[in-house]
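One-based numbering, in listed order, for ligands and for the atoms of each.
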Amino acid sequence: MPELPEVEIVTRRLRELTAGKTIIKAQLIRARLSPENSPRQFAASLKGARVEDVSRRGKHILARLSNGRTLVIHLRMTGRFFYLDRGAENTPHTHAVLWLDDGKKLLFDDQRHFGLMMVARTAELGRVKYLSKLAPEPFSPEFSPEYLHDTFKRSSQQIKLALLDQTKVVGLGNIYASEALHRAKINPRLPAQRLSKPRVDLLRKEILAVLGEAIANDNQFDAEAGDLDSSYGRYDHVARVYEREGRPCPVCGAPIRRITQGARSTYYCPKCQRR
Ligand SMILES: [Zn+2]
């Protein structure tokens, strides 16, 4: 499942490929992909609009259009974009198509059907339910040591679960939450409010470091395949514990352990992350 770094890389690629271009036609093939818009509304509100900019908020991609609307996209589990010649065949799970004025079409392919899109008025984006409650962006000044300290002080959640809660910290999923906790030597089960201020500061620093390293792992875009998903590197490039159960911790050599928290796997080092 793409987390902040992967969504950031797809966002940058979409910006490179579509900013300044006009959508000459749009089609919503699977209506449930955009439950707030009918297929007819979806097509009508995108047709003729120029893409002004593409940005990211949490794990959402925001394509701001010249007609006062923004296309909000969440890749969820398996959503991915393909940028192909207009005459190319659709991929097997194409759920939406945007035809651009550069002779290309942008496909949204989603094998597992969890992806979401929504065409919203740009002026009303702040009220969109997916966006309104999100925590500050990790790389913004609002994501300060004080912010994180205050947020965790009020939370009795286990720290791993608090990191996955997008109203507290945005962009982290199962992979980077496990990695940040390992780097900061914090036990994933520790209640968030029991973290001391220096440990919260260290955790914040390690969140930024692991996200930054993963974003830097940006592969060359393969224009021929047109698959924007392939432009991000695999997380194993930065992973020290994720999906490494039983293998030695790269810091101390103890076998990595897997536990279940909130119905999802957490990987951690029982020695480095004892407390
Ligand atoms: Zn260790």
Give the other cluster members for Ile259, using side-chain heavy-atom distances under 4.5 Å between Ile, Leu, Val, Met, Phe, Trp and Tyr residues; answer none if it is isolated. Tyr268
Report the relative orientation of the aromatic rings in Tyr147 and Phe143; use parallel for angles under 30°, tilted for 30 to 60°, perpendicular for over 60°. tilted
Compute the ring centroids of His113 and His93, then answer whether they are less than 6.0 Å apart. no
What are the protein N/O/S atoms, named by residue and atom, that sit under 2.8 Å from the Zn ion (ligand 1)? Cys249 SG, Cys252 SG, Cys269 SG, Cys272 SG
If you take all heavy atoms of Ala184 and Leu202, which pair is closest and at what distance? O-CD2, 3.7 Å
Connecting only ILVMFWY residues whose side-chain heavy atoms lie within less than 4.5 Å of each other, what is the rest of Met1's hydrophobic cluster? Met77, Phe114
Name all pairs fulfilling the side chain to side chain donor-acceptor pair (under 3.5 Å) condition that reach into residues 201-210, sequence neighbours left out, sorted by first residue then second. none
